Amino acid sequence: MTTVERARDLRQPAVIVSGMQGLRAGRDEFIFAPPGLGVFTQGDERRVEDHPVYAMAGLSGPGDVDSLQLYDAFSPNVVFVLERFGFTGEGQALEWLQNGRIELGGELPVNTAGGLLSEAHLCGWGHMAEAVRQIRGQAGDRQVTGCEVVQWATPFGDSTVFTKDR
């Protein structure tokens with residue numbers, strides 16, 4: 001981690017941390033047992049417009065994200081993140097992600113390095129390394145074509161957006 005100016009002088013292409021947010025999970029949000037398996041069914045009124053990570057990164061919303069890397073210690077976390085950050089509507093994520101939509105080559109490639117089950121439980125650090133690889137075009141067979149914006153997120157609401165240096 002360094003300044004953009006210094007990063008531009010280094011051997012590897014600069015990747016910019018262009019947005020971030022941290023949201024504390026409240027007592028009404030026990031993420032491992034949400035009623036109805038939808039994040040917003042718990043009385044959480046936050047929607048995509050309430051996520052400062054997108055505005056901070058200069059994005060209009062989740063539609064600008066090329067790849068999503070998410071904390072996936074539990075299988076339903078994918079569903080929770082897709083709904084929480086507005087990639088899908090409430091209660092729609094499970095159906096939306098079918099038919100290869102989150103695979104490499106799909107509409108929104110998710111956890112292109114395999115996630116925690118493939119890499120080890122490093123509390124999200126492996127996801128962030130993969131975000132950098134994707135933006136630099138260094139992911140090999142896992143490379144998302146034209147990848148310039150990667151979001152890392154947790155079902156709790158924490159998120160970081162990485163972008164290509166422009």
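All heavy atoms count here, side chains included; hydrogens, waters and symmetry mates do not. Every value quoted in this text rests on a predicted model; they were computed, and no experiment measured them.
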Chemist: What residues, two or more places apart in sequence or in another chain, satisfy side-chain contact (heavy atoms from CB on, under 4.5 Å) together with Val144?
Modeler: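 Val144 satisfies side-chain contact (heavy atoms from CB on, under 4.5 Å) with Ser67, Leu104, Pro109, Thr112, Gln134, Cys147 once adjacent residues are dropped.
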Chemist: Could you give all pairs that pass the salt bridge (charged side-chain N to carboxylate O under 4.0 Å, His left out) test and reach residues 143-153, with sequence neighbours left out?
Modeler: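 Of all non-adjacent pairs touching residues 143-153, those that pass salt bridge (charged side-chain N to carboxylate O under 4.0 Å, His left out) are Glu148-Arg166.
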Chemist: On a heavy-atom basis, which atom in Gln21 and which in Pro52 lie closest, and how many Å separate them?
Modeler: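 Nearest heavy atoms, Gln21 then Pro52: OE1-CD, 2.9 Å.
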Chemist: Within the structure provided, determine whether Val161 and Val149 are in side-chain contact (heavy-atom separation under 4.5 Å).
Modeler: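 The answer is yes; the side chains approach within 4.5 Å.
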Chemist: Side chains of Val65 and Phe87, heavy atoms from C-beta outward: is any pair under 4.5 Å?
Modeler: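 Contact flag for Val65/Phe87 side chains = yes.
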Chemist: Which distance, rounded to the nearest 0.5 Å, do you find between the CG of Asn99 and the CD of Glu107?
Modeler: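 Separation between the atoms: 11.5 Å.
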Chemist: Quick one: do the Gln138 and Gln143 side chains pair a donor with an acceptor below 3.5 Å?
Modeler: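 On atom types as modelled, these side chains do not qualify, holding no pair under 3.5 Å.
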Chemist: How many angstroms lie between atom CG of Leu116 and atom CG of Asp72, to the nearest 0.5 angstrom?
Modeler: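 Reported to 0.5 Å precision, the distance equals 4.5 Å.
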Chemist: Indicate the atoms forming the closest heavy-atom contact of Pro155 with Tyr71, along with that distance.
Modeler: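 Heavy atoms of Pro155 and Tyr71 come nearest at CD-O, 4.0 Å.
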Chemist: Which residue pairs pass the salt bridge (charged side-chain N to carboxylate O under 4.0 Å, His left out) test when at least one of the two sits in residues 2-18, sequence neighbours left out?
Modeler: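 Listed by first then second residue: Arg8-Asp165.
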Chemist: Is there side-chain contact between Val110 and Gln69, with at least one heavy-atom pair below 4.5 Å?
Modeler: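 Heavy-atom side-chain distance check fails, nothing below 4.5 Å.
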Chemist: With sequence neighbours left out, write down each residue that passes side-chain contact (heavy atoms from CB on, under 4.5 Å) with Ala113, or none if nothing qualifies.
Modeler: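 With sequence neighbours excluded, Ala113 shows a side-chain contact (heavy atoms from CB on, under 4.5 Å) to Glu119, Glu130, Arg142, given in chain and number order.
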Chemist: Using the rule that two of Ile, Leu, Val, Met, Phe, Trp, Tyr join whenever any of their side-chain heavy atoms come within less than 4.5 Å, decide whether Ile16 and Val150 are in one cluster.
Modeler: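 No: no chain of side-chain contacts under 4.5 Å links Ile16 to Val150.
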Chemist: Would you give the length of the straight line joining atom CG of Leu68 to atom CG of Asn111, rounded to the nearest 0.5 angstrom?
Modeler: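 Going from CG on Leu68 over to CG on Asn111, the span is 7.0 Å.
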Chemist: Using every non-hydrogen atom in the two residues, find where Gly22 and Asp158 come nearest and quote the distance to one decimal.
Modeler: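 Heavy-atom minimum between the residues: CA-OD1, 3.2 Å.
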Chemist: Using side-chain contact (heavy atoms from CB on, under 4.5 Å) as the criterion, list what pairs up with Glu95, not counting sequence neighbours.
Modeler: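 side-chain contact (heavy atoms from CB on, under 4.5 Å) check on Glu95 returns nothing, list empty.
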Chemist: Are Leu94 and Trp96 connected in a single hydrophobic cluster, I mean Ile/Leu/Val/Met/Phe/Trp/Tyr linked by side-chain heavy atoms less than 4.5 Å apart?
Modeler: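 In one cluster: yes.
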Chemist: Could you check if a side-chain atom of Leu70 sits within less than 4.5 angstrom of a side-chain atom of His127, using non-hydrogen atoms only?
Modeler: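 They are not in contact (no side-chain heavy atoms under 4.5 Å apart), so the answer is no.
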Chemist: Are more than 12 heavy atoms from other residues, nucleotides or ligands located less than 6.0 Å from atom CE of Met128?
Modeler: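 For Met128, atom CE is crowded (more than 12 foreign heavy atoms under 6.0 Å).
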Chemist: Any heavy-atom pair between the side chains of Leu108 and Leu82 that's under 4.5 Å?
Modeler: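 Yes; the side chains approach each other to less than 4.5 Å.
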Chemist: Between Thr160, Val132, Thr163, which is the residue that forms a side-chain contact (heavy atoms from CB on, under 4.5 Å) with Val17?
Modeler: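 The option that passes is Thr160.
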Chemist: Compare every heavy atom of Val53 with every heavy atom of Gly19, then report the nearest pair and how far apart it is.
Modeler: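 Smallest interatomic distance, heavy atoms only, reads C-CG2, 3.6 Å.
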Chemist: Determine the minimum heavy-atom distance between Gly146 and Asp66, stating which atoms define it.
Modeler: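 Looking at all heavy atoms of both residues, the closest pair is O-OD2, 3.8 Å.
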Chemist: Would you please test Ser159 and Gln151 for side-chain hydrogen bond (donor to acceptor under 3.5 Å, both in side chains) and show each step?
Modeler: CA-CA 7 Å; Ser159 184; Gln151 181 177 2; 2.9 Å; yes
Chemist: Pair Val81, Thr154 - check side chain to side chain contact (heavy atoms under 4.5 Å, CB included), show working.
Modeler: CA-CA 6 Å; Val81 168; Thr154 73; 5.6 Å; no
Chemist: Report yes if some heavy atom in the side chain of Ser18 is under 4.5 Å from a heavy atom in the side chain of Phe162; otherwise report no.
Modeler: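 SC-SC contact between Ser18 and Phe162 ruled out.
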Chemist: Suppose we screen for side-chain contact (heavy atoms from CB on, under 4.5 Å). Which residues come up paired with Asp64, at least two apart in sequence or across chains?
Modeler: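 Residues passing side-chain contact (heavy atoms from CB on, under 4.5 Å) with Asp64: Leu59, Ser60.
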Chemist: Ring centres of His51 and Phe85 under 6.0 Å apart?
Modeler: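 Yes, close enough.
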